[in-house]
Structures are given as C-alpha cells and as structure tokens.
There are 2 protein chains.
Amino acid sequence: MNKLRRVDDEPPFMTDSRAPLAQTTVTSLRVVEALDEHGRLGVTALAAELDLAKGTVHKHVTTLERLGYVVKEDREYRLGLGFLGVGVNSQRRLDVYRVGRGPTDRLSKATDTVASLMVAEHGRGRYAYRVPHGDEYELAHHEGDVLPLHATAGGKAILAYTPADRREEILESHGLPPMTEHTITDRDAFREELRSVRDTRTAYDREELLDGWHCVAAPITNEEGDAVAAVSVSAETEFGDASKRTQDVPGLVISTATAIENKLRSP
Amino acid sequence: MNKLRRVDDEPPFMTDSRAPLAQTTVTSLRVVEALDEHGRLGVTALAAELDLAKGTVHKHVTTLERLGYVVKEDREYRLGLGFLGVGVNSQRRLDVYRVGRGPTDRLSKATDTVASLMVAEHGRGRYAYRVPHGDEYELAHHEGDVLPLHATAGGKAILAYTPADRREEILESHGLPPMTEHTITDRDAFREELRSVRDTRTAYDREELLDGWHCVAAPITNEEGDAVAAVSVSAETEFGDASKRTQDVPGLVISTATAIENKLRSP
DNA sequence: GCCAACCGTTCACGATTCATGAACAAGCTT
DNA sequence: AAGCTTGTTCATGAATCGTGAACGGTTGGC
C-alpha cells in the first residue's frame, strides 16, 4: 500500500553517520508498519513477518496498545486512529497546507480534476493535501503517501527549483527507478527534463508514475526561488493537447502556485 | 491541541496487567507527542520538556529522523508527514469509514452542517471522519482526535448501545470529567441520559463539550445491536427547536445511520 | 569583531531492560 | 473431548539504553 520506503529498507540518504539508533524504537515502528501494510495481524503472523520471537512482538504490540496506538480485536492487533491524530496535526501545521488548501480546492473545481499539494522530505515526495475529484473516492495515492520525486510532476517541479548540489545529492541517493515504462530513467535525459521544467515553470508527468494517469505541476517557491512545495492536477487525460477542456489547465496550475506563494510570503 | 490523553498520563483503562512495557518505545512516542504538541523543538527544549538527558533525546530524535518520521530543519526537529501516511491508511481500512463516507457527505450537504463519524477506542471517542462544513476550515476537532465519550453526542450514542458491563467499565475508568459547565458529571444523571438516548435512538450534546456547539448523533450498530460507531452533525444552533431549518435534522441523522448499517451488513 | 553563552552532537560507562526460547494457558476446530 | 494453534508469561544472558560530561559550531550581545 505504501511500499516505496520502509524501515527495514536501508535508508539511502544516510550511508554515513554511524550514530547508533534506538533499536527498540526501530522494532516498534517495524511492527507499526507491518500492521499498516497488512491491516490486522496476530502475534504469530507478525513474528513471522518480522523475523522476531513471539514474546518480543507481544511486548511491542502491548506497549503500543497501552499507549493508545494499537487496538486489540479478538486475538489480533490492528492500528487504531492514534497516528491519524498525530498525522493530521503535523499536516495542519504545514504552512503550505494551511494557506494552500483553499487555492487547491478552487483549482480542483475549476479544472474538474484531482488537485494535490506535494512537499519533499528526505529526498522523497509526500502528498500534503489531495482533493478527491467529485465522488471519486478511490485514488491510488493519498495524503501522507510517499512517492519518488523523479516520477511525478510535483516532484519534478520541486527538483527543478532545488539548489543544484542538493538536487544531485538526491539523484545520487535515490536514483531513477522505473515506475512504469514511461518513467525517465536516464540521468542526462532527466536533467534535460528539469531544464525544460525551468523554461516554462511547468512540469509534466506522462504516465511516468501510474499507467493511464497524466499530471501537470508548478513549483511553489520561497523568496530565494527554491521550491518548498508543488501544486499539481492529475487526470486520465493528456494535458496540453488539442482538447479545449485541458488546454488552459497548465495556466491555472501556475496561477494557483503563484497565489499560494503570495499568501505564503505575507503573514 | 490534543490534550485529553497522552503517553505521560497514566492510562486509566489498565490499572492491572503489570506486564513490562518497551520503555524505549514509550520514550520515543513521548518525543513524538511532544513534537506533535509543540510543533518544532530543539534537543534542549525537548529534553527539558520530557525531563531527559540531551543525549537521550538526540538519539530518539535522530532515530525517528532516519526512519522518515521526523524532519530536521535548521537546528530544530519537527514531525514529517510519515504518520499522516500511516494514519490515513488505518482510517481507510476502517469499514465504517469506507462505507460511511458517502452517506456522511450527503448528510452534511442536506443539513448544511459539519457531519462526523466517531468510533470508540480504549473507552474514548475518536473522529474517524469529518466533513468540514463549506469553507469552514477551522474546526476545533479533527479526524483522529480523541474526545471523551460522555461529553459528545456520538459518544453517548455509542455508550447507550454498548453492553452494560463494558459501559460501566468505561464509566469507572474514565469518569465524567467536566468539559464545559453543561457537561453531565453526575453518574446517575448520565445513566438516565443514556436511557433517553435508547428511547429515541438519538443522542444530543447541548454545549457539553464545547461552548456554543450543539450536536445530534445516532448509533451505528451491528447485528447484535451493539454500537460500532456513530454519525453526528454539529452546529452552532440548537437542534430540535422551533426553527424549521433544524427540525428534521435528527431524522436525517438517524436515516444516515441506518443507511450505513445496511451497507455494513451486506458485503 | 570578538567573546561568551548556547546549542546540537558525541562518547564511555554502568545499569537497565530488551530479545530469546521454552513453557503455559486459553481458544477454536474437529 | 482431544489436539492443534494461538496469545501470554517468564528467567536468563546479552545487548543497548540513558546518563553526564566534554566537544565543536553557531549565534547573539557587547
């Protein structure tokens, strides 16, 4: 459901820094992520999944339960809504979310598509806000989900307006893994793509993340011109083609980004 | 922002069970909750807040950062959107959320108010879904927030349709702490209130949680007649009074609850 | 522009407690 | 009712967690 980067993968952005981690916390969060991925699990299944002793898993899971983050149902454990509370709070604290929500809602209505706000964390993209289009409840990605920057319109918009050294650092550590057959995987082709993003202040995703889905994005920058986020719209239609319905969409995306920028820079 | 129950409080629902907890995890989550509450904090401030050594806090905070849940900005740490991703997943997995979202949206539109879905966890209420009314972005409570069952319409609806032994257990462990001057704090008066909820299958909150806010709720029950959740609407108007706009609201809430029940009981 | 205070970070050590595997008890299935 | 499987408990050895002090970098004040 959310497989791109998990605790048990080697975090690629920190090959150095051999400062010892809090191992118990790592294990507890591995439990959380296993429950996040599988829904409801018993102690035995969790222990098998995480390659731990049953007793160990039991201790972690009861700890999380006592803290209110896990709920025991029958003889299984599942995540409660505790992390949702924490997550919503961190979301609401984001400036881009607070001031960008209104403009993004309006963008969604005006273009009749799914509109999103994306931010970068640890060299990866995360949706800070998504407006589901109409009653289309079941999107492939949701608020808080992680996505690779190089395969999304929002991610490209952010990378294009990120200082070169940091940008290269990200490319170096995350690479350009293919998501679909349209994903740009060549380093130089991608750098060229970013250059064209800077030309028009507009980034496109042509089924590079998800087959059948197209996106347009524009960066939201700070006073220094560096991206702090990106607005985008997604649809199962190509943008910028001849059809009149999608012709002015890029322009609306850009003006939404500008509107958010202005709101961000005035208290 | 979310003060009702935190890790450092004594969890009231588990006075027994002296099974030893994973202490390191407890500390890490205390760090998370401190960041959740205060936004951005440095190591020193966190250490003071939690009464820990700076070195200890540093280890926890860097662990959480390496796992992708915390972001370092300047010389401070804040929560990233990682927990939002986990939280949204647990939300989307809830049956009540999946099938109740549509009906709740329609209820909000039909009544022109804020509509919510509440579930019970550990004897406390949590919002599983909230439809912000129009552009009224700034509500006092949000999805994932914890609320006392006895001071909310949804909570009363749930308690009224909870098996008596479990209900008494909850009352025993959580008590009836006053939230406003209208909160029912007398044990017998509250039992009487629940009885009247059962009479009409409708629960009211008359400024018992938040001054100026009224709510009506109806329980969502399973085949055994026990509550699994509650639907409610909230407004700054009294319900059931003479004004025509709010007169039929309780009826709409009940029919929404019934609609969700029916959807829940058919695959 | 320098100094001092403060901050985040590191480290070695002693004490805590964490993970283990096996034994126990409680359910569900047959 | 037997027999499997599950969640839970427990003692023990080993890992590591928390501490306080020291380090180096940044900042703000004089």
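Every chain is numbered from 1, with letters handed out A, B, ... down the list of sequences.
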I need the full list of salt bridge (charged side-chain N to carboxylate O under 4.0 Å, His left out) pairs touching residues 146-164 of chain A, with sequence neighbours left out, sorted by first then second residue.
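Sorted pair list: A/K156-A/E193, A/K156-A/E208.
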Does a nitrogen or oxygen in the side chain of [X] sit under 4.0 Å from OP1 or OP2 of [N]?
X     : N     : answer
B/H58 : C/dT9 : yes
A/K72 : D/dT6 : no
B/Y77 : C/dC7 : no

Not counting sequence neighbours, which residues clear side chain to side chain contact (heavy atoms under 4.5 Å, CB included) with [X]? List them please.
X      : result
A/A257 : A/A218, A/I220, A/V231
B/E224 : B/N222, B/D226
B/S116 : B/V114, B/Y127, B/R130, B/S232

N/O-N/O pairs, protein side and nucleotides 18-23 of chain C side, under 3.5 Å:
from: C/dC18; atom 1: OP1; to: B/Q23; atom 2: N; distance (Å): 3.1
from: C/dC18; atom 1: OP2; to: A/K59; atom 2: NZ; distance (Å): 3.2
from: C/dC18; atom 1: OP2; to: B/L21; atom 2: O; distance (Å): 2.8
from: C/dC18; atom 1: OP2; to: B/Q23; atom 2: N; distance (Å): 3.2
from: C/dA19; atom 1: OP2; to: A/H60; atom 2: NE2; distance (Å): 3.0
from: C/dT20; atom 1: OP2; to: A/A53; atom 2: N; distance (Å): 3.1
from: C/dT20; atom 1: OP2; to: A/T56; atom 2: OG1; distance (Å): 2.8

What pairs of residues pass the ring pair (Phe, Tyr, Trp, His ring centres under 6.0 Å) test when at least one of them lies in residues 76-100 of chain B, not counting sequence neighbours?
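Listed once each, the pairs are A/F83-B/F83, B/Y69-B/F83, B/Y97-B/Y129.
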Which nucleotides of nucleotides 25-30 of chain C have their base under 4.0 Å from a protein heavy atom (B), which only their sugar-phosphate (S), and which neither (-), written as one string 5' to 3'?
---S--
Which angle, to the nearest 10 degrees, lies between the helix axes at the two ends of the helix from C/dG8-D/dC23 to C/dT30-D/dA1, each defined by five pairs?
60°
Inspect the contact between B/E65 and B/K72 and indicate whether a charged nitrogen and a carboxylate oxygen are less than 4.0 angstrom apart.
no
Run the side-chain hydrogen bond (donor to acceptor under 3.5 Å, both in side chains) test against A/E169 and tell me which residues pass, sequence neighbours left out.
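For A/E169, the residues satisfying side-chain hydrogen bond (donor to acceptor under 3.5 Å, both in side chains) (neighbours in sequence not counted) are A/R166.
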Restricting to side-chain hydrogen bond (donor to acceptor under 3.5 Å, both in side chains), what partner residues turn up for A/R75, sequence neighbours left out?
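A/R75 satisfies side-chain hydrogen bond (donor to acceptor under 3.5 Å, both in side chains) with no other residue.
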Over how many whole Å does the gap from B/E65 atom CD to C/dT9 atom C1' extend?
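These atoms are roughly 13 Å apart.
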By salt bridge (charged side-chain N to carboxylate O under 4.0 Å, His left out), B/R187 pairs with (sequence neighbours left out) B/E172
Quick one: side chains of residues 46-59 of chain B, donor-acceptor pairs under 3.5 Å with protein atoms, not counting sequence neighbours, listed by atom name and distance.
none

